[in-house]
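Taking it in order: structure first as structure tokens, then the write-up.
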Amino acid sequence: MNVFFDVDYTLIADDGSLRPHVHEVFQKIKDDGHDIYIWSGVGIRWEVVNRHNLRQYIETCYLKPLSDYKETLIELGVDVMPDFVIDDHSGVPLAFGGVVVRPYYTRNETDEELLRVYDELKNFEKA
Ligand SMILES: [Mg+2]
């Protein structure tokens, strides 16, 4: 499956710090045979990917549609279909399937939301 992650408040907090369990969960998703993509409504976020050493896990970065999600994929250059989408806003997961995460606004070492995402992905695979 093509697994798409939002950036702001999904993977990073407002201070740019990485949400707990990103490396571990990305590795598990890859080990399960999926392709990981990162997209954002405010730009192509290679800087975030490189700063947090995430390049090894992901296929590429894209711009994320902010409305008419499916219709605007092509014009944004997204040439694979998202199968499972993780975002702190519900619009994109509702359009493609996936999971809405609790927004990660501030650094919190005890946050386990991404472990739940991995469980939801496993359940989605089985369904
Ligand atoms: Mg976000």
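Everything numeric in this text was worked out from a predicted model, so none of it was measured. Read the numbers this way: they start at 1 and go in the same order the structure lists the ligands and their atoms. Residue numbers count from 1 along this sequence.
Salt-bridge annotation for Lys64 and Asp87: present, with a side-chain N of the basic residue lying under 4.0 Å from a carboxylate O of the acidic one. Salt bridge absent: Arg102 and Asp88 never bring a charged side-chain N and a carboxylate O closer than 4.0 Å. Note on Arg116 versus Glu120: salt bridge recorded, some NZ/NE/NH1/NH2 to OD/OE distance being below 4.0 Å.
Checking Trp39, Tyr69, Tyr62 one by one against Pro82, the side chain to side chain contact (heavy atoms under 4.5 Å, CB included) holds for a single residue, Trp39.
The atom of Asp6 nearest to the Mg ion (ligand 1) is OD2, with the search restricted to N, O or S atoms. Of all the N, O or S atoms in Asp88, the one closest to the Mg ion (ligand 1) is OD1. Residue Asp8 approaches the Mg ion (ligand 1) most closely through its N/O/S atom O.
Taking backbone and side-chain atoms together, Asp87 has no N/O/S atom less than 2.8 Å away from the Mg ion (ligand 1).
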